Amino acid sequence: MCGIVGYIGHREAYPIIIKGLKRLEYRGYDSAGIMLFDGQELKVSKTKGKVTDLEEKSSREMTINGTIGIGHTRWATHGVPNDVNSHPHVSNSGNLVIIHNGIIENYAPLKEELIKRGYVFHSDTDSEVLINLIEDVQKKENLKLGKAVQIALNQVVGAYAICVFDKQKPDEIVVARLGSPLAIGVGEDEYFIASDASPFIEYTSNAIYLEDEEMAVVRLHKPLKIRKIKDDTLVDPYIQELKMNLEQIEKGGYDHFMLKEIYEQPSVIKDTYRGRLHANLGLIQMAGIEDNLEKFLNANRILIVACGTSWHAGLVAEYIFEEFTRIPVEVEYASEFRYRNPVINKGDVVIAISQSGETADTLAAIKLAKERGAFVFGVCNVVGSSISRETHAGAYTHAGPEIGVASTKAFTTQITVLTMIALRLAKAKGTLTNSDFHRYLQELEIIPEKVAEALQTNDKAKEIAEIFKTAPNCLYLGRGYNFPVALEGALKLKEISYIHAEGYPAAEMKHGPIALIDEHMPVIVIAPKQGHYDKVVSNIQEIKSRSGIIIAVVTKGDTQVRELADYVIEIPETSDALSPLLTTIPLQLLSYHIAVMRECNVDQPRNLAKSVTVE
Ligand code: G6P
């Protein structure tokens, strides 16, 4: 996720910005850049790579000193990570400079219009479009920068946190936010701007957090004025006194990155479908799919390859694809696939799923599938990663950096992308009725709110965690769409709390795991109202009659399972196919709390790596 740092005041801006960018490194990024102004000259230095690479490059290029500047770490969304796509971006006149965190969804038509008006673009970014749009507005009406930014932002659809600097007005930086965070540190005759307070905590503990749809002109020797972008009304700045330490700030106030990432799910699922899902128009638009629609429609079979949590997302996708599109799907561990001389036919479509885009086994499986003539489509989170480059086409999940080793938001955003793909294909094939297609679109659109509601199970999950934190074993059961969720729930618990856990299809229990059940065995049963509810109820009865302890994840208002289970966790209702996006939430929270109570290293569990680049 991009990081923003800005400074205007009486100190040298360069060291403040570089140190600030380092503080934001935890957000994950692929390139970095800085702009300084010394009263006469404006200089930009930027590079693909780390902030240390920027330091090295800028020590040669940055021949000026200045007390005003902006810096950026970029997490690529539009355009691969390279020097040109790095921020800051400068407008065509050379006067305006922007750093941007977020996505401008309607950048394509805006860019087209600007090109017609003579603007030239050097990068593939949506941010360069925005700065030239601001310039165009400013020039047309001879406006002050703040006003031009405001008018331009009202033409933009998407999410942003921005800092804009105008060489002709060098005592101010214009900032704005919608959907991406932005904090302003208020010092004595100086202001700091950043994605969170970590870059300025050592200089001031007074911070203003901009709210969505707010903007401010940060001007030297002037009190800060905050306005609503839409209607220009003034907002009283609310200065908070920061009491958090640095580490807490980086984690957004959460104790662990994993918890932060669990809580980010409502917003990142929205980021995943933003600009792609148009429920009101009955449309799904994903460039990677549109460009290769025929390949998908003519596929005799879809093969999904992945590892770990991504493999579980693949299993959920198998159920969804077959139900929605009637295309046969097989899901394979990439590590098995690559070494077992698999049958791959020319017409096969292979989908490779990977959060990091760097998993060695998945990468090797892709290469093998390509060698044998398959069309390979990637579902990755990290833009510009090896897998995203190696695949023929793909769709990013836009979940932002996932830092906790145990994958959470990557899983739900992968399912979101795969569901959208299945819906798009179903529409083209006519394998879903029109009304079902529209219903799924509408349900998917409101899933983030339901995920937010599912997060309210946190206290309940904590309460249950307290009871079972010392359990040596745990069984997770689910059927249909929720069988892979049972696997994922068990994996989460194993990974971070080191409790032995197994996930099973609920009906398969009687072929083995039932022998393990006694009064000491907690069994987590995923039993939402939709789907094979009655069958799951029978499975619960089987456990009950063997004295097993039942923790059930049920749909709000459920009475039948409630009567049988020892503990219930309620989640909102949705259709069966989308239920994994909700049922998985309490399981993530349960594992998290158990691990915390067992004093385990939640974010960096023993023996595990976030990205496994060796086989
Ligand atoms: C590692 C991580 C898991 C992840 C798996 C696959 O084992 O610890 O969280 O699910 O790799 O990673 P990928 O980046 O390919 O999704």
Side-chain angles (χ1 to χ4, degrees), residues 1 28 30 75-76 256-262 264-265 268 272 303-317 331-338 350-369 376-391 394-418 484-498 501 503 580 584 587-588 591-592 595 600-615:
M1 200 69 66
D30 42 58
W75 166 267
H256 298 95
F257 283 112
M258 182 183 176
L259 191 62
K260 174 174 176 257
E261 287 154 10
I262 290 173
E264 276 174 358
Q265 288 174 107
V268 294
T272 302
L303 276 159
I304 297 181
V305 291
C307 302
T309 291
S310 299
W311 182 74
H312 293 156
L315 287 180
V316 176
V331 189
E332 290 229 33
Y333 284 120
S335 53
E336 286 298 309
F337 179 85
R338 64 179 289 196
V350 172
I351 299 181
I353 310 172
S354 174
Q355 186 285 128
S356 62
E358 301 296 344
T359 303
D361 283 324
T362 311
L363 198 53
I366 292 167
K367 287 182 180 158
L368 177 69
V376 187
F377 188 90
V379 174
C380 291
N381 190 33
V382 179
V383 175
S385 55
S386 305
I387 292 178
S388 69
R389 281 182 277 118
E390 192 63 39
T391 41
Y396 287 116
T397 49
H398 296 311
E402 195 180 59
I403 295 174
V405 166
S407 199
T408 52
K409 61 177 181 170
F411 181 64
T412 45
T413 51
Q414 285 165 348
I415 294 175
T416 305
V417 161
L418 292 158
V485 175
L487 294 178
E488 175 61 9
L491 177 66
K492 285 293 84 92
L493 190 69
K494 274 185 275 209
E495 281 180 314
I496 59 170
S497 73
Y498 318 137
T584 199
L587 305 190
Q588 294 170 347
S591 307
Y592 170 78
C600 297
N601 186 341
V602 172
D603 285 332
Q604 280 158 354
R606 70 183 179 208
N607 305 340
L608 296 178
K610 184 71 193 153
S611 171
V612 182
T613 52
V614 289
E615 61 170 291

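Whatever order the structure lists them in is the order used to number ligands and atoms, beginning at 1. Small disclaimer: the values here were computed from a predicted structure and weren't measured. One-based numbering along the sequence shown.
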*Asks:* Run through E402, E488, Q355 and flag the one making a side-chain contact (heavy atoms from CB on, under 4.5 Å) with T309.
*Replies:* E488
*Asks:* Could you check whether any side-chain heavy atom of T412 comes within less than 4.5 Å of a side-chain heavy atom of T408, counting everything from C-beta outward?
*Replies:* no
*Asks:* Using only atom types and a distance under 3.5 Å, with no angle test, would you say the side chain of S591 pairs donor to acceptor with the backbone of L587?
*Replies:* yes
*Asks:* For the residue pair S310 and Q414, confirm or rule out a side-chain donor-acceptor distance under 3.5 Å.
*Replies:* yes
*Asks:* Is the backbone N or O of V405 less than 3.5 Å from a side-chain atom of D603, with the two atoms forming a donor-acceptor pair by type?
*Replies:* no
*Asks:* So if I only count non-hydrogen atoms and take anything under 4.0 Å from ligand 1, which residues does that give, chain by chain?
*Replies:* C307, G308, T309, S310, S354, Q355, S356, T359, V405, S407, A609, K610, V612
*Asks:* With respect to F337, which candidate in L303, D361, I304, I366 satisfies the side-chain contact (heavy atoms from CB on, under 4.5 Å) definition?
*Replies:* L303
